[in-house]
2 protein chains.
Amino acid sequence: MGPIGRDELKHHHHHMGWGDLGVFGEPSKETPNLDLMAAQGMLFPNFYTANPLCSPSRAALLTGRLPVRNGFYTTNAHARNAYTPQEIVGGISPDEILLPELLKKKDYVSKIIGKWHLGHRTQYLPLKHGFDEWFGSPNCHFGPYNNSVCPNIPVYNNSEMKGRYYEEFEINVKTGESNLTQIYLKEGLDFISQQAVAQRPFFLYWAPDATHAPVYASKRFLGKSQRGRYGDAMMELDDSIGQILAHLVSLGIHNKTLVFFTSDNGAAVMSGPLQSGSNGPFLCGKETTFEGGMREPAIAWWPGRIPAGTVSYQLGSVMDLFTTSLSVAGVLPPDDRVIDGLDLSPVLFNNSLLDRPIFYYRGNQLMAVRIGQYKAHYWTWSNSWEEFNKGINFCPGQEVPGVTTHTQEEHTMQPLIFHLGQDPGERYPISVESKEYRDVLRRVTAVVEQHQKDLIPGMPQLNMCDLAVMNWSPPGCEQLGKCLKAPESNPWKCDWPH
Amino acid sequence: MGPIGRDELKHHHHHMGWGDLGVFGEPSKETPNLDLMAAQGMLFPNFYTANPLCSPSRAALLTGRLPVRNGFYTTNAHARNAYTPQEIVGGISPDEILLPELLKKKDYVSKIIGKWHLGHRTQYLPLKHGFDEWFGSPNCHFGPYNNSVCPNIPVYNNSEMKGRYYEEFEINVKTGESNLTQIYLKEGLDFISQQAVAQRPFFLYWAPDATHAPVYASKRFLGKSQRGRYGDAMMELDDSIGQILAHLVSLGIHNKTLVFFTSDNGAAVMSGPLQSGSNGPFLCGKETTFEGGMREPAIAWWPGRIPAGTVSYQLGSVMDLFTTSLSVAGVLPPDDRVIDGLDLSPVLFNNSLLDRPIFYYRGNQLMAVRIGQYKAHYWTWSNSWEEFNKGINFCPGQEVPGVTTHTQEEHTMQPLIFHLGQDPGERYPISVESKEYRDVLRRVTAVVEQHQKDLIPGMPQLNMCDLAVMNWSPPGCEQLGKCLKAPESNPWKCDWPH
């Protein structure tokens with residue numbers, strides 16, 4: 001925007017399932033604004049996150065690289081999901097280059113609103129990694145804690161905490177009431193207004209987490225949906241996005257702004273129906289490399305540039321937002337490292353289709369690959385019998401024998417192959433004796449060999465945990481009188497059960 | 001339409017799943033015309049058939065009555081689905097009054113195009129039950145048969161056959177090619193044109209069956225979808241509906257025509273991914289009283305009368321099309337019998353919500369009841385172990401322990417209750433110890449007692465079978481030289497395995 005015609009970029013990043021949008025079949029139809037956004041923009045039914053849980057997915061979005069490259073994984077055990085709870089020692093490596101750092105080359109102002117999740121220790125926070133502004137929290141809003149065994153999560157304004165969840169920033173876990181999304185919305189609208197007035201190009205990463213358990217909504221939305229608290233949270237997020245888009249229009253910068261909506265992982269169906277969303281027709285959910293874990297709702301919106309009412313079958317990834325944003329801003333991506341994201345500009349502006357695989361990882365284990373309509377599983381695992389017998393079920397009501405296995409099953413010599421167009425639910429493996437199977441296997445083998453030949457894993461950042469590193473005394477705690485005493489350092493190798 | 005301002009009625013009645021529409025989340029997004037129809041009309045996420053399979057559903061649509069009342073059920077075994085294969089002796093009772101018979105009071109011309117399915121013996125055919133015209137077949141397009149053990153199904157034009165499937169009316173089961181939908185489309189467009197020119201009010205029941213196994217599509221659509229033959233068939237049906245709506249607009253009668261789109265049962269997920277559609281987030285499919293078997297896609301369209309882009313949470317039923325059509329046409333429903341259909345006019349025209357239960361039957365057994373967001377299962381059954389062990393699975397990849405049972409389980413004293421808003425997949429029964437459960441049970445018990453107190457079952461029409469009654473020599477066969485010799489009559493009690 002502005003006199004030199006630069007474009008703003010906005011990303012929404014939520015924790016919700018593919019099936020939570022009206023346009024993707026949620027029967028409760030809570031998302032008229034997102035549905036309208038799709039009708040005015042481009043809808044992606046085949047869009048993926050880079051990992052079936054939050055932190056690695058967000059690290060991939062901001063670096064354009066698979067977690068196995070950018071270090072957001074663990075090697076403590078085979079094929080385990082890892083993220084950034086507050087006992088995590090690691091965070092985003094200083095060697096990684098984040099999108100806002102690169103956008104500075106074209107004078108973009110960048111702000112993150114909401115959950116960061118790339119490490120909460122001081123050196124990992126957003127303002128150390130290219131963001132100019134931040135309002136939100138470094139970790140999930142779990143709690144409430146008693147601040148003796150475990151501190152409540154701080155909420156930052158830029159580089160200093162302004163309070164903690166369940167204290168200054170209330171979340172009533174019993175009623176589900178919290179006005180946090182409204183606070184995040186106001187922060188977003190104000191930031192957009194300021195940049196519009198100053199005619200500065202901007203990047204806003206709006207990352208609320210109301211749909212993450214414990215799910216919350218503000219009073220105006222509580223009880224308003226057809227499906228309880230989760231639906232109420234969806235309605236509030238949908239309303240907020242409607243307000244953001246309307247704000248861009250009212251400021252007259254909608255024709256200069258790319259807005260992209262997506263989520264960081266599939267719905268956490270193990271949380272039960274009150275605390276999780278819908279993955280539509282897809283198998284299982286968060287934590288798994290089945291479609292329910294990694295396929296995401298995705299909409300691109302840019303009136304006048306992206307043709308309205310388009311459905312793109314492009315296989316897309318959150319990592320593409322890195323590369324596409326750079327392209328739109330006129331910044332070259334780093335040339336000293338592998339970037340997994342594609343520049344989707346030809347897709348967005350010309351409805352082209354780019355040939356590319358999707359890689360499904362759990363830890364540093366390549367679990368599955370999608371090429372075209374086919375998905376080949378090299379390893380299958382839902383969760384362990386031990387976890388499952390405790391009642392933790394990543395695929396409730398969706399056991400597919402031989403597919404949603406409770407032991408880690410290797411299929412490297414003979415992957416399970418599904419046609420995701422005919423069988424989005426991954427229920428009917430293609431017969432290994434068919435010509436179709438042999439043809440797909442030949443093609444996918446070449447893709448995997450190429451991928452693994454070039455792969456240099458990054459240093460794993462999510463191996464060590466320590467109670468001493470929790471959010472006891474974040475910057476700014478002194479002024480608030482909210483510093484807590486940390487226990488002595490006693491690091492251990494984090495236990496990642498799934 | 002026409003000078004006295006009468007309104008046309010059009011119903012589409014397909015065999016497809018709730019999840020097959022783009023607007024209901026099919027990732028392959030094959031239905032831009034139906035999605036547009038929804039955007040221009042009213043979408044019903046909570047719409048139901050009256051029975052989880054074809055014949056009883058269609059009988060209910062045309063009589064406005066539950067199959068247990070209109071006789072479209074069997075008493076040969078407990079809680080069994082029955083329909084009208086060509087060995088069936090029975091059909092629609094002469095005591096039932098069908099919608100087109102009543103519409104005659106206001107001079108409506110009525111035509112059915114496609115599958116009839118209310119009995120194929122002469123006395124049961126459409127022109128004996130109020131329709132003025134018919135182009136289509138009395139039974140499903142199963143085959144090809146060799147015409148010695150079993151005759152191919154005839155295709156009628158009005159009261160005489162014009163050929164048989166797989167003979168004059170080709171379906172290539174290997175390639176999936178058939179131009180039948182195009183023939184049915186042309187019949188529909190021509191009928192509409194004729195009535196528009198003559199300024200006659202009309203009722204068109206357009207009931208193609210391309211999405212019923214063996215699935216077919218015409219050459220132009222084969223291979224065009226993202227999910228194989230079923231998707232191709234969806235695209236062709238969607239395209240046809242787009243043409244029908246455009247035709248109404250081009251004739252200038254769209255403001256005088258109510259068009260309703262729905263299906264006769266959920267997707268037949270037991271047919272596997274190539275021959276069946278999607279039930280979206282719902283449990284199981286055709287043949288079952290879980291949501292996947294009975295919740296249907298539904299859209300009402302009437303430009304200028306039905307507000308565009310509306311989502312109605314009304315619990316609706318195919319039986320309501322009977323009552324609503326009568327209301328729109330200004331005809332009173334019969335007052336000598338119970339009519340289960342509601343007049344949805346207040347819903348369509350004022351977006352009201354009418355309180356009503358949904359009853360889920362299998363045979364003459366009430367299996368479940370929905371009131372508001374709650375569904376109480378009094379009996380659960382998917383199919384028998386015997387059938388299941390043969391590989392017939394009505395819930396592939398969706399076993400829910402204690403819910404998708406393979407023995408008929410009675411829960412009358414303590415029904416399984418689900419909240420369908422929070423849990424559309426019927427996976428999390430509400431705890432019987434909760435206040436919520438007790439409250440719902442009290443309310444639903446009253447509804448069930450009221451329903452059963454008044455219920456007078458009709459004479460069951462689907463008990464007897466006989467090879468002699470098959471389509472050996474339908475009317476018109478002589479002129480075509482296509483009469484076949486029937487075997488001797490040897491009736492037996494039909495075996496309905498599920």
Side-chain angles (χ1 to χ4, degrees), chain A residues 17-19 21-30 32 35-36 39 43-46 225-231 269 272-276 278-283 291 295 309 311-313 372-373 393 395-401 403-404 418-428 430, chain B residues 17-19 21-30 32 35-36 39 43-46 225-231 269 272-276 278-283 291 295 309 311-313 372-373 393 395-401 403-404 418-428 430:
Chain A
W18 189 94
L21 271 56
V23 75
F24 283 141
E26 170 51 43
S28 297
K29 294 270 167 199
E30 293 135 1
D35 297 351
L36 185 61
L43 181 69
F44 291 89
N46 294 314
S225 81
Q226 303 274 309
R227 57 168 172 161
R229 198 174 294 176
Y230 186 92
V269 290
L274 286 166
Q275 293 283 334
S276 79
S278 164
N279 294 318
F282 302 119
L283 187 61
E291 290 297 291
R295 203 188 294 217
V311 175
S312 171
Y313 295 107
Q373 295 278 26
N393 189 346
C395 316
Q398 292 188 310
E399 295 290 323
V400 182
V403 179
T404 58
F418 297 93
H419 186 294
L420 293 178
Q422 290 161 11
D423 178 23
E426 296 167 279
R427 290 175 192 155
Y428 306 95
I430 293 171
Chain B
W18 189 93
L21 271 56
V23 74
F24 282 142
E26 169 50 43
S28 298
K29 294 271 167 199
E30 293 134 2
D35 298 351
L36 185 62
L43 181 69
F44 290 89
N46 294 314
S225 81
Q226 304 271 310
R227 57 169 171 160
R229 199 175 294 177
Y230 186 92
V269 290
L274 287 166
Q275 295 283 334
S276 80
S278 164
N279 293 318
F282 302 120
L283 187 61
E291 290 297 290
R295 201 186 296 215
V311 175
S312 171
Y313 295 107
Q373 294 280 25
N393 190 346
C395 316
Q398 293 189 309
E399 295 290 324
V400 182
V403 179
T404 57
F418 297 93
H419 186 293
L420 293 179
Q422 290 160 12
D423 179 22
E426 295 167 280
R427 291 177 191 151
Y428 306 94
I430 293 170

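The sequence lines fix the lettering, A, B, ..., with proteins before strands; numbering per chain opens at 1. For the numbers below, each heavy atom of this structure counts, side chains included, while hydrogens, waters and symmetry mates do not.
Interatomic distance, A/Phe24 CZ to B/Lys29 NZ, rounded to the nearest 0.5 Å: 5.5 Å.
Neither the backbone nor the side chain of A/Leu420 comes within contact range of chain B; no heavy atom of the residue lies under 4.5 Å from a heavy atom of that chain. Looking at A/Val311, only its side chain comes within 4.5 Å of chain B, counting heavy atoms on both sides. Proximity to chain A is absent for every atom of B/Leu283, based on heavy atoms less than 4.5 angstrom apart. Only the side chain of B/Tyr313 comes within contact range of chain A, with heavy atoms under 4.5 Å apart.
Smallest separation of non-hydrogen atoms from B/Gly25 and A/Trp18: O-CH2, 3.0 Å.
Chain A forms the most heavy-atom pairs under 4.5 Å with one residue out of B/Thr404, B/Val23, B/Asp423, and that residue is B/Val23. Between chain B and the residues A/Cys395, A/Gly22, A/Ser28, A/Gly228, the most heavy-atom pairs under 4.5 angstrom are made by A/Ser28. Counting heavy-atom pairs under 4.5 Å between each of A/Gly280, A/Gly231, A/Pro281, A/Pro396 and chain B puts A/Pro396 at the top.
Two residues are said to be in side-chain contact when any heavy atoms from C-beta on lie closer than 4.5 Å; A/Pro27 and B/Arg295 meet this criterion.
B/Gln226 pairs in a side-chain hydrogen bond (donor to acceptor under 3.5 Å, both in side chains) with only one of the listed residues (A/His419, A/Gln373, A/Gln422), which is A/Gln373.
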